[in-house]
Structures are given as C-alpha cells and as structure tokens.
Participant: 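Provided herewith is a single structure, encoded as structure tokens, for subsequent inquiry.
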Amino acid sequence: MEMPTSDFDLALTLDSGQTFQWTSLGKGFLGAIGARAVYVEQIRDILKFRGAPAKSIASYFALDHPLSEICASFPNDAAMQTACKFCRGLRIMRQPRWECLATFITSSMKQVAHIRQISLSMRERFGLRRSLGNLHVYSYPTADVIADLEEEDLRNCALGYRAKNLLATARLITSGEFNLDELALLRDDDLRAALCALPGVGAKVANCVMLFAYERLRAFPIDVWVERVLREKYFPRRRKLRRGELEKFSAQHFGAHGGYAQQYLFHHARKTTARRLSAPGS
DNA sequence: CTCCAGGGATGAT
DNA sequence: ATCATCCATGGA
C-alpha cells in the first residue's frame, strides 16, 4: 500500500531520538506500531507501507499535524530558524503511552544508542514476536508482563539502576492504582504532576511522555543537549543561571508548539555538534 | 584508556 | 527552592 505525504521526512523523524526501535532495512525501516509488525519506505512524497492500515500509519507519524503552521509559530531568532531549516519534515509522532513512558524511564543518563539497545533487548526477551512475511520484529512488553519480572531480569537488559524504577512503575499500572489512559483528561500541569508521581519519572521524562504520547505539543523537555543550546544561544554571557529560569523562559518564548521547537533544537544540536576527537597525529 | 549520555531520588544548605 | 552526590552501562 502507499499514500501521499507532504512536509514529511521519514528517516529524519525516526532518527530524531523520540522512538528507539526502528531498524533500517533496504530502502525503508522495519518496526512495530503497537503489536503489529510494520515496514515503511519513503520515496519522495510517497509513503509505502505494509503491516498496518493507512489510517494507523498516518496517525502514528502524525501526518495530520499542520507542520507549516507550526513552524510559522516559532520565534524568529537565529538559533530557532537554523534548527527549523535543518529539521524540515521532522514530525512529533503519536506513540503508545506505556511504551513511551517505559522507554523514557530507561533513558535516564543514557545515550540514544544505549536506549535503543535496551529497548530492543527488552522487546526480544519479553515482547511478542510479530511477523510480516519473512520479516520479524517484537512488540514492546506490556506493563503486565514487566510487572511479573524480577529486577534482575531487567538488569540483564542493561537497565542498571533504572530497573527498580521501571518495575515499580509497571506494578503501579498493572495493579490499577495508576491508569495512563485516564490521565489524558488532565490539563498539562496536572498531567505533568501525575506522571512525576511515578518512580523514575521527573520533569524531563514527564515532558517527553506528554509530548510523544499525549500530544501535548507545548511540553518542553530540557535534557543536557537542550540545556546547552538554551544557555549558549539564548543566554550567552550568564554563567549563573538557575534551572527554573530556563524553564520559565522556554515556556513563554517558544509558544504553543514549544515541543516541536524543542525537538528541532535537540536534533540540530545532536547532529551538528562535533564530538571531541582524539588528539590529531596520534 | 577516559568521557559522557534525552535524569531522578535523596539529603544538606 | 537550589545544589551535591550517587546511581550503572557501554558507545565513541
């Protein structure tokens, strides 16, 4: 099957650090949407896909987001405009709630490559094997499945100290004490506070989950990369600057689609900041 | 080898 | 409220 798209860059979107499961295969990507194995491939403005209905694909990749309007709402400063140009076609996807929450609990103090490794390891060990022809992927393990594991099972997936938090959160959800779907009714501040009550969830992870799984496009996660960008580009000569000031500034400066702005700043910084190379001539 | 990563919880100012 | 420290792991 195939469908037309506009203002969409599949490879860019999948490489922007919001999801950690898709693997490059041939000209496209293989992954899972919920519990379905899916293959997607983009040729110019045509999106070819197998494994899920068009409606599901379009929703997952948020092809309905008015990207040109969103970009037009960004502040007209140099850093933002540079990032915006660099990220043309990058969309904030609609991810399943538990999958997104759990993945970002495991993301603490981990590089994107590590999060990906943890995520894939958990899928292979505890997820459901799903096939698409002769291709195979694994769904993300449900909260119920994880709740029945031991901490060591998760540590074997390289979660380290994060294992305890993920296990505790899974058990809160499985017990019915905490319902991720009911939270969708809450306004942003209440949703954030509710998520922060979960073990292993602080402001940053809560904002990621709000942005990537609750479609709260104003949520502005501040990780080490985004904090660097804010300090260097928006507050150059201010050595002492409180964290709270950065949060206040970003909430008012980037506006109703601050989450998109944040994602563009994040991805641009991560892809253009040269890693320190070892001493030349060695 | 060293450095650092899409941080959070805890306890001390 | 803000800061210091600890927590595990492995790619670069």
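In the text below, chain A, chain B and the rest are named by the order of the sequence lines, each starting its count at 1.
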Participant: Can you identify which nucleotide, out of C:dG11, B:dG6, C:dA8, has its nearest atom closest to the A:M109 side chain?
Facilitator: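 In terms of side-chain proximity for A:M109, the closest of C:dG11, B:dG6, C:dA8 is C:dA8.
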Participant: Would you indicate what A:G200 reaches in the nucleic acid, counting non-hydrogen atoms under 4.0 angstrom: base, sugar-phosphate, or nothing?
Facilitator: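 The answer is sugar-phosphate, as A:G200 gets under 4.0 Å only of primed atoms, P, OP1 or OP2.
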Participant: Counting just side-chain N and O atoms, does A:K240 come under 4.0 Å of either OP1 or OP2 of C:dC3?
Facilitator: yes
Participant: Between B:dG6 and C:dT5, how far apart are the two P atoms, rounded to whole Å?
Facilitator: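 Going atom to atom, P in each nucleotide, I get 24 Å.
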Participant: Check whether the side chain of A:S108 and the base of B:dG7 form a donor-acceptor pair under 3.5 Å.
Facilitator: yes
Participant: Counting distance only, does the side-chain N/O of A:E41 pair as donor-acceptor with the main-chain N or O of A:L47 below 3.5 Å?
Facilitator: no
Participant: Set out, in order, the CA-CA distance, both residues' side-chain angles and the distance that settles salt bridge (Lys or Arg N to Asp or Glu O under 4.0 Å) for A:K271 and A:D15, then state yes or no.
Facilitator: CA-CA 10 Å; A:K271 291 299 179 181; A:D15 188 39; 2.9 Å; yes
Participant: Can we say A:R129 and A:E124 salt-bridge, meaning some charged N sits less than 4.0 Å from an Asp/Glu carboxylate O?
Facilitator: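 Answer for the salt bridge query: no.
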Participant: Expressed as a whole number of angstroms, how long is the span from A:F20:CZ to C:dT9:P?
Facilitator: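 So the two atoms are 20 Å apart, to the nearest Å.
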Participant: Below 4.0 angstrom from OP1 or OP2 of B:dG6, is there any side-chain N or O of A:R162?
Facilitator: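 Result: no.
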Participant: Could you tell me the separation between the CG atom of A:L154 and the C1' atom of C:dA8, rounded to a whole number of Å?
Facilitator: 14 Å
Participant: Measure CZ/A:R116 against P/B:dG6 and give the value in whole Å, please.
Facilitator: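 Roughly 14 Å, once rounded to whole Å.
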Participant: With a 4.0 Å cutoff (strictly under), does any side-chain N or O of A:Q117 reach OP1 or OP2 of C:dG11?
Facilitator: yes
Participant: For a quick check of understanding: with a heavy-atom distance under 4.0 Å over all strands, which category does A:L198 fall into, base, sugar-phosphate or nothing?
Facilitator: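 Sugar-phosphate: the residue A:L198, judged by heavy atoms under 4.0 Å, touches backbone atoms but no base.
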Participant: Ignoring hydrogens and geometry, is there a side-chain-to-backbone donor-acceptor pair from A:R116 to A:W22 under 3.5 Å?
Facilitator: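 Pair found, side chain donor or acceptor close to backbone of A:W22.
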Participant: Return the value, rounded to whole Å, for the distance between atom CG of A:L241 and atom P of C:dT2.
Facilitator: 11 Å
Participant: Does A:C196 or A:F212 map to a spot on DNA chain B nearer the 5' end, using the closest nucleotide for each?
Facilitator: A:F212
Participant: How many Å lie between CD on A:E227 and P on C:dC3, as a whole number?
Facilitator: 10 Å
Participant: Are side-chain heavy atoms of A:L12 and A:R91 found at a separation under 4.5 Å?
Facilitator: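 No - every pair of side-chain heavy atoms lies 4.5 Å or more apart.
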Participant: Over all strands shown, is A:A163 touching base, sugar-phosphate only, or nothing at heavy-atom distances under 4.0 angstrom?
Facilitator: nothing
Participant: Would you indicate what A:R228 reaches in the nucleic acid, counting non-hydrogen atoms under 4.0 angstrom: base, sugar-phosphate, or nothing?
Facilitator: sugar-phosphate
Participant: In whole angstrom, give the distance that lies between atom CG of A:L246 and atom P of B:dG7.
Facilitator: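 It is 15 Å, rounded to the nearest whole Å.
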Participant: For A:I105 and C:dT9, what is the distance between atoms CD1 and P respectively, to the nearest whole Å?
Facilitator: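 To the nearest whole Å, that distance equals 18 Å.
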Participant: Base, sugar-phosphate, or nothing: which does A:Q263 touch, judged by heavy atoms less than 4.0 Å apart?
Facilitator: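 A:Q263: base contact, heavy atoms under 4.0 Å.
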Participant: Reading DNA chain C from 5' onward, which residue's closest nucleotide shows up sooner: A:R243 or A:H114?
Facilitator: A:R243
Participant: Does A:F104 stack onto the base of B:dG6, taking stacking as ring centres under 5.5 Å apart and planes under 30° apart?
Facilitator: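 No, A:F104 does not stack on the base of B:dG6, since the centre distance and plane angle fail the 5.5 Å and 30° test.
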Participant: May I ask which nucleotide in the shown strands pairs with C:dC7, Watson-Crick or G-U wobble, both distances under 3.5 Å?
Facilitator: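 With both distances under 3.5 Å, C:dC7 matches B:dG7.
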Participant: Per the side chain to side chain contact (heavy atoms under 4.5 Å, CB included) rule, which among A:L101, A:D188, A:L180, A:L186 passes with A:Y214?
Facilitator: A:L180
Participant: Start at the 5' end of DNA chain C and walk down; is the nucleotide closest to A:G244 or to A:K110 reached first?
Facilitator: A:G244
Participant: Rounded to whole angstrom units, what separation is found between the CZ atom of A:R242 and the C1' atom of B:dT13?
Facilitator: 13 Å
Participant: Please report the distance separating the C1' of C:dG11 from the corresponding atom of B:dC1, rounded so that it comes out in whole Å.
Facilitator: 14 Å
